[in-house]
Every structure is written in C-alpha cells, then in structure tokens.
There are 4 protein chains.
Amino acid sequence: MTAGRRGATRSQAARAAILAATSSLIERLGYDRVTMEGIASEAGVGKQTIYRWWPSKSAVVAECLIEGALLPETYAPHDTGDIVADLTEWLQRVFDFIAAPGHETMLRSLIAAAVDNPEIGEHLTGRLGASPDVLAERLRTAAAARQLRPGTSVERLTDMFMGIVLSRVLLRTPADPDDARAFVELVLTGAAPHRPTRPASAPPRSSTARQPRR
Amino acid sequence: MTAGRRGATRSQAARAAILAATSSLIERLGYDRVTMEGIASEAGVGKQTIYRWWPSKSAVVAECLIEGALLPETYAPHDTGDIVADLTEWLQRVFDFIAAPGHETMLRSLIAAAVDNPEIGEHLTGRLGASPDVLAERLRTAAAARQLRPGTSVERLTDMFMGIVLSRVLLRTPADPDDARAFVELVLTGAAPHRPTRPASAPPRSSTARQPRR
Amino acid sequence: MTAGRRGATRSQAARAAILAATSSLIERLGYDRVTMEGIASEAGVGKQTIYRWWPSKSAVVAECLIEGALLPETYAPHDTGDIVADLTEWLQRVFDFIAAPGHETMLRSLIAAAVDNPEIGEHLTGRLGASPDVLAERLRTAAAARQLRPGTSVERLTDMFMGIVLSRVLLRTPADPDDARAFVELVLTGAAPHRPTRPASAPPRSSTARQPRR
Amino acid sequence: MTAGRRGATRSQAARAAILAATSSLIERLGYDRVTMEGIASEAGVGKQTIYRWWPSKSAVVAECLIEGALLPETYAPHDTGDIVADLTEWLQRVFDFIAAPGHETMLRSLIAAAVDNPEIGEHLTGRLGASPDVLAERLRTAAAARQLRPGTSVERLTDMFMGIVLSRVLLRTPADPDDARAFVELVLTGAAPHRPTRPASAPPRSSTARQPRR
DNA sequence: TGATAATCGAGACGGTACGTCCTGTCTTTCA
DNA sequence: TGAAAGACAGGACGTACCGTCTCGATTATCA
C-alpha cells in the first residue's frame, strides 16, 4: 500500500494491549489517575511506543472510545414508528447505563478527557446516540413522518438530549425512575400550556419556517 | 471570636492574593495547567498557606467561583411577565458570555474542575442562573402565572437549560445567532406538532398527573 | 550566618545517604553503570534532592572522593630522611592498593569520572599523595636536604609519579613485585649511564638553574 | 573472498561511512555524547549494520583509532643517534599535538573509551609512540648504543613517558614550553644529585642487577 | 510582660509522572 | 540475502509538581 515504506510495521499486538490497558485503568482509577507510565507498564510496552502513535493521554482515550473499549455498546433509539416510545426507551437505556456502578465515574472521566480533546466529546455523544448518528437519524425519520413540527432543528434536539445526559452526569443530578419518560415528553410537548392558553403578553409568533442551523 | 483561640489569625491578604492568583492563572492557562506551586508563587505565598485552608486545587477554584473572581457576573433572567422573552434574553446573555474570547476555555476549565469537585458544578450552574437559584425562581413564577403547563418539573427544565449550555461548551457545538430564541421556543412549545396533528400510531396518552421528582 | 536565610535547611541525613549510596554503587557496578536513579533509590531519596545540590553524577562522585568515601585512606610518603626508601614504600602501598580486588576497577571508574570533571582528577591524585599535597611536600623536604638535584621541578616529579600510577591503571600494565623500587630508582637516578659516559653527540648542557613551572 | 561464502558481502562503503561518522562525532561532541543512533544516522546506515560488526561503541572507536581516523599521525621518535635530542623532539611533537585546539578533548575522549576497552588504551599509546612499538624500539637502540644504563627496563621507561602524557591530559596539568626538554632530562638523568653528593642518611644501595619485569 | 500558640513566607524533602533519548533486538522491504 | 529503515521493550535522563515537613519570623492571646 504505502509504496517505498521500509522497516518494521506497526505492531497490532502492542496497539491492542495499550488500548486494553487504558480502558481497564480508566475503569478502575478514573481519567486523571491514569498515567502514561501506568498504561505502558500495564500493557507491557515501552512508553515510546505509546508516544510514537498518540500525542497525549486523551488521544489514547479517544481511540479507546472509538474502538468501543470504553463504552461497551452504542445506544441507538429503535424505530417502532412511535417517536415518543422510542426516545423514552432509548433515554431509559442511557440512564440505566449511567446508573450502573462505576459508569457515572467513567462518564465523568470521559467528560474530563473531552475538555482537552474535542474528538472525545464527539465520540462520547456518538456512542450515546447523538451526533450525525443514529439519534439524529431517528429524529429525521420522525420529522418525515410528521411526528415533529416542521422546521424543528434536529441538531438542537440532539443537543438538548445530550445536554440532559451531560447535566445528569456532570452536575450529579439525582435520578428519578420517571426521568426518561418525563424528559422526552417535556422535549416533545414543551413546557408551555396548550396553544389557546398562550399568555397574552407573548404575542403569537408567526409560524414561519425556522431555518436549520448551519 | 473563637474562645480559647490563640496565635496569629488568618491573613486576609494572603487569602485574597491566593484567590486572585488562581483566577488570573486559570484565565491564562486553563485549569489543568494551573499548579499549586504556580498559585503560591504568583500570590507570593507559601504552599503551606494554601494547603492550610484548602484541601485541593479544585477547592481553591470553587472558592474563586463563589467569590465571583472567575465568572464576573451572575446571569439571572429578568421578570417582565413574558417568560419567553425573559428566558430568551437570559439565554442570549449566557451565549454572549460564552462567545467572548477566552470564556469558552474558562468554562471548559470549570467543567474539568467540576469533574472532581461537585461543588464547582453547583456554583457554576448557580452563576449561570440555575440551581435552586434565580432561573428556577423565574420558572416557578411563570408556573404560578399559568405560563407553564401544570405539573411541569422546574428541576427538569433547569436541567435542560443547563444541559443546553453544557453541550454547547463541552461539545463545541457551533453557535448560531438564532440559538437563544430557538432553544427557548423549543423548550416551551415542544418539538411535536400541534395536538390535533398527533400521529395515529402514537396512542393518546392518559393525562395522568406527573409526579415531580423527589 | 547567611542572613535572611529562611525555609528548611539542607538535610545532612539525605546528603550522607546520597554519598554513601554513590560510593557503594560505584564499588559494586563501576562508574558508568551507576545512575542517578539508582543512587536516589539506594539512598531512599528523591532524585530532585540530588539535582538540587549537585549538577551531575560526576559532581556527586567528586564529593564522595573528597569525603573519603571512595578511597579509604590517603597515601602519604613518610619522612624517615631517606627519600628513596620513603618513596619506594609509598609507591608500594599505592601499588598494593591497586592490586587489591576491585580497586583497579574503582580507579578506572574514577578516571572515567575525571574525564568530565577536573575536580575528580585533582582529588584522585590528592588521595594518592600528589597535588600540592603530601608527595610534593616530601619532595620539597628532600630538595631542602640536598637529596634532589637543585633546580629539579617538584611539579614535574609528582606528575611523573602520578603518570606511573595512571598508566598502570588505565593501560592495564602488568604488575611486577619489584615495580615500586624500580620506578623510584629510575626516577631518581635516571636512565642514562653515569655522567662521564654521556654521549658525545649530546652536548653537555649547562647546569643553569631551571625555573620551576608557573 | 571466503570460499563458499554466499550473499552480499560486507559493504565497505557502510564500514567506511560508520568510521568516518564516528570520528567526526567524537571530535565534535566527545566520547560520551556520541551515540550509536547518532553514528548510524550520520553515516546513513541502519543501527543493525553497526551492531552486526562491532559489539559496542568503544569497539567502533577502537577501530577508528586503528584506522587512523582519530589521531592523524603516529608519533615516532627519530633516530639521530642522540637519544636526548630524539626523545625531546618526539615529546615536543606530542605536546604540540595536545596543545592544538580540540585535541585535548579528543584525547580525554579516548581515555574515557579506554576505561571500558583495553584495546583503545593499547592503540592510543601505540599512536603516541609507545607499546612494543617505535618508542620502545628507539629506547632499545639507545640501550644498545650504551646511551642507557645497563639493566634499565624499557617497558618502565615507556610507561613513564606515557604516564607523563596521560597525567598532562587527564589531570589538566598546565603546560610549559620547556616541558618536553625538562621531562626527558629528568627521565634520563634522574632527580637525585650526582653520585658523590649522596646523603649519608641514605645507605648506599648495592648495585644488584635489576631483573626486568615479566 | 513573658510564655504560648498559631500563621506566614520560604523552601527542602520523598515521591510520582512527565516527555525525550538511547540501547540492543527484531522485522520488513528494497536492491 | 545484506543493508536501509524503523518499530519494539526497556530504562535513564533531567524537570515539574505533589503534599508534607521544617525553618525563622511575626502576631495574637493568655497567664
């Protein structure tokens, strides 16, 4: 492939050992108590082998995330046709994941890592269902089925769902069994009372189509 | 003061110098490149003087936050009676703050700090307007004025607003000038189409009273 | 003494432990297999404590030498009045020291160290008897007692004796039991035949006083 | 070349490049700052190619020395019949070499190398004139011409001359323009006063034949 | 008015980790 | 099939901080 390339090729064994060690250590210790030396020694690898391929700890963690070594599965909403039920079931699964022992700490680790590595943020949300990925896709399907108001920005919707999860994890919001359903309902039906009851002080806004961001 | 207390009392000059140095360094370097030694030397203070009064770097940062040394002002929604306008104006101010140079980095620093210090998360959201504080209060006023649907959880609403801000900062969501208005409208009116248009595939849900969390 | 000196003072325990560890390791491993990390760990000391007080490994070794931790005793010629006997006895002691197991390696270590630290060369020769020190003193006494030819440079004489030892150690010259006596005799009486036999081709040099170096 | 030998033969170009690179680096950096990697990269050669033919850095250096890449010329005493003049002129040339800029450092490098490679010591002295080589030969000629006292050990004489050079280089003895002449005279005529003046306190030693070493 | 006790700036201490450099071996590709 | 290129495990380098401790000086209370 790479013509003219000479010398030994990258050791896949070393790469795998590094990613495995990193995942294991992150789970056990949390992001900021994991060290490059710790990873190297756990992986039975020279430090230079890590630095040769990744510029920083957060880059290694990012690759762990991409490889699926940190978050075991992705959380995609199903498509039963019922957007409310699908989102509720999806959000419930995400909340259940957070609630499992050690997972909240792990997610906070990933948030810390995301602070100095945008890629981690992207893949974190990707894993949880958002990003161009599956959550957005499901929302677009719903929009096509006229289950969302025309003009609703799918990006803003996914941002909100990710925000719900982030604030839960980062701000340690106490959990409630009804949360998944309640949040989905809130997002879909809104906080304001039914349309006719709209307060007089707020002038009825023209329902001009809202241009999606970007 | 404290009966039986002997010896020199805590130096307010040192305390102030430490908080000032910390703020300045956080702004310049970001949370994780600030060190206790750096703070001490910048403040012209012995390291022990810091450790005597705070257990960790994040505790010092937390106190900076409380003192208002890090976020210059709090962001409280006004109360003009129009909840939509008030929230929009408030969210716009928050977004403007984020957009100012250096502020996004600062907020990410605080997110990193919040990962290992829950207090920082609390005060961060407090500063931005949420927590038991002013945002929730404004929402409660709106609820009392029947501008929110009965049974809407104010806690969940504030979580969502905080989530919107967190995902913007942490996930580096690109900004749009219309964001503040659009998010507020989305939260208040929901993503689903007007009631009559509700899809047949989604069975009309019983309007059972939603128990508020906790 | 040092006015205005504040803060903890240098730990003599740490200093002693470092010098002891260094000596022990040099003896066991030889100069270039001794590492700063090895010294620190053997001494139960942080690496920084070494670097705080010494700029390099060779500086630590130099101080070991000065403290007498490496060469157990100094080798000073006695003064019985008989310069030949005194020098012979002294040189024999030095040769005996070299011949003892491990000592030749140790001396070669010190030579290696002397390459990048002139101080080590000085103290090494000092320990063995030369330098402004005792050997030179003994030679000056001999000169005063007219046991040396007037005008003989004491510096050159000590250089020669040190050279004899250095070449023995560095070049691994095989030892001979008679060496001490033979070298002293050679130095004192010279290699040329008795004066009358001086070759015609070499014009008799005027015995003008030779100015000592420096 | 070697019968039955198949495959590519040793690349003389690589060998030459390695020796050239080593010499150049030693001159520029000094022995212990030269690395195998540095040699390989300077020579445009794989590290393995070096390790295939030499076991260690000092072995490469030794071969450089043998090839004459490090010390440009050998220093052999002439034979005009006048041993004093010949040795003086020879020693002066050696001292002049040392005095040239960079040469003292180079010689100290070689001393460092000699510490862990006896061969280097041998060839170093060989280059300077000693060893079974030319200096010893010249001395033997002088002995045959009765310009040396019978029984004088040529080995010890060469050791002394090498010692003079070594102590000059290693101990950084300050140079004096008269040194070459003075040292030769000292070695040949000795430090003691003329025979009649021998001090009473020193008992006249029997002129027993001195057995040569080995 | 001392003695006592706490704080302060300073900084040394035993450690851990950093990111770089080098060693000596092994592996791949090219000529 | 030898040599270049270069990846690899390992280990030392010298630096930066950690959190604790020890100084000498200063400041406040209590006896």
Side-chain angles (χ1 to χ4, degrees), chain A residues 2-11 13-15 17 33-38 40-41 43-53 55-57, chain B residues 1-11 13-14 17 33-41 43-53 55-57, chain C residues 3-11 13-15 17 33-41 43-53 55-57, chain D residues 5-11 13-14 33-38 40-41 43-53 55-57:
Chain A
T2 319
R5 176 64 172 64
R6 261 198 297 189
T9 55
R10 177 170 188 183
S11 157
R15 179 175 173 278
R33 280 158 62 193
V34 172
T35 66
M36 291 301 243
E37 294 202 334
S41 109
V45 139
K47 268 200 289 181
Q48 197 60 258
T49 301
I50 306 182
Y51 283 108
R52 185 158 23 238
W53 302 108
S56 66
K57 185 172 68 166
Chain B
M1 194 173 292
T2 315
R5 177 68 167 61
R6 259 197 303 186
T9 56
R10 176 171 188 182
S11 157
R33 280 157 63 192
V34 171
T35 67
M36 291 300 244
E37 292 201 336
I39 294 170
S41 108
V45 139
K47 271 202 289 180
Q48 196 59 261
T49 302
I50 307 181
Y51 282 107
R52 191 165 7 243
W53 303 108
S56 66
K57 184 173 67 166
Chain C
R5 177 63 173 65
R6 267 199 293 188
T9 55
R10 177 170 188 181
S11 157
R15 179 174 174 278
R33 280 158 62 194
V34 172
T35 66
M36 291 301 243
E37 292 201 336
I39 295 170
S41 108
V45 138
K47 268 200 287 181
Q48 198 59 257
T49 300
I50 307 182
Y51 284 109
R52 193 169 3 249
W53 302 108
S56 66
K57 185 172 68 166
Chain D
R5 178 74 163 56
R6 264 196 305 176
T9 57
R10 176 172 187 182
S11 157
R33 281 158 64 192
V34 172
T35 66
M36 291 299 244
E37 291 199 336
S41 107
V45 139
K47 271 202 289 180
Q48 196 58 260
T49 303
I50 307 181
Y51 283 109
R52 202 177 344 259
W53 303 109
S56 66
K57 183 172 69 167

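In the text below, chain A, chain B and the rest are named by the order of the sequence lines, each starting its count at 1.
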How many whole angstroms separate atom CD1 of B/Ile50 from atom P of E/dT7? 15 Å
Send over the distance from D/Met36 CE to E/dT23 P, rounded to a whole Å. 7 Å
Of the candidates F/dA12, F/dT15, E/dT7, the side chain of C/Tyr51 sits closest to F/dT15
By nearest nucleotide on DNA chain F, pick out whichever of B/Val34 and C/Lys57 is the more 5' one. C/Lys57
Can you identify which nucleotide, out of E/dG9, F/dT27, E/dC18, has its nearest atom closest to the B/Ala14 side chain? E/dG9
Does D/Thr35 place a side-chain N or O at less than 4.0 Å from the phosphate oxygens OP1/OP2 of E/dC21? no
Tell me: NZ of C/Lys47 to C1' of F/dA12, nearest whole Å? 7 Å
Is it true that a side-chain atom of A/Lys57 and a backbone atom of A/Met36 form a donor plus acceptor pair closer than 3.5 Å? no
Toward the 5' end of DNA chain E, by each residue's nearest nucleotide, C/Gly46 or D/Gly38: C/Gly46
The side chain of B/Arg52 is closest to which nucleotide in this list: F/dA12, E/dT7, E/dA12? E/dT7
Which residue lies more 5' along DNA chain E, comparing A/Pro55 with B/Ala40 via nearest heavy atoms: B/Ala40
Who passes side chain to side chain contact (heavy atoms under 4.5 Å, CB included) against D/Ser56, sequence neighbours left out? D/Ser58, D/Ala59
Kindly point out which of E/dC18, E/dT23, E/dC22 is positioned nearest to the side chain of A/Gln48? E/dC22
Base, sugar-phosphate, or nothing: which does D/Gly44 touch, judged by heavy atoms less than 4.0 Å apart? sugar-phosphate
With a cut-off of less than 4.0 Å, is there a side-chain N or O of A/Ser11 near OP1 or OP2 of F/dA7? no
Between B/Trp53 and E/dC8, is there a contact of a side-chain N or O with OP1 or OP2 at under 4.0 Å? yes
From CD of D/Glu37 across to C1' of E/dT20 the rounded distance in Å is 11 Å
Identify, with sequence neighbours excluded, every residue that meets side chain to side chain donor-acceptor pair (under 3.5 Å) alongside D/Gln48. none
Could you tell me which non-hydrogen atom of B/Ala17 sits nearest to which non-hydrogen atom of B/Ala43, and how far apart they are? O-CB, 3.5 Å
Give a yes/no on whether any side-chain N or O of B/Arg6 is located under 4.0 angstrom from OP1 or OP2 of F/dT29. no
Whether A/Arg15 engages the ring of A/Trp53 as a cation-pi pair (distance to the six-membered ring centre under 6.0 angstrom, angle to the ring normal within 45°) should be assessed. no
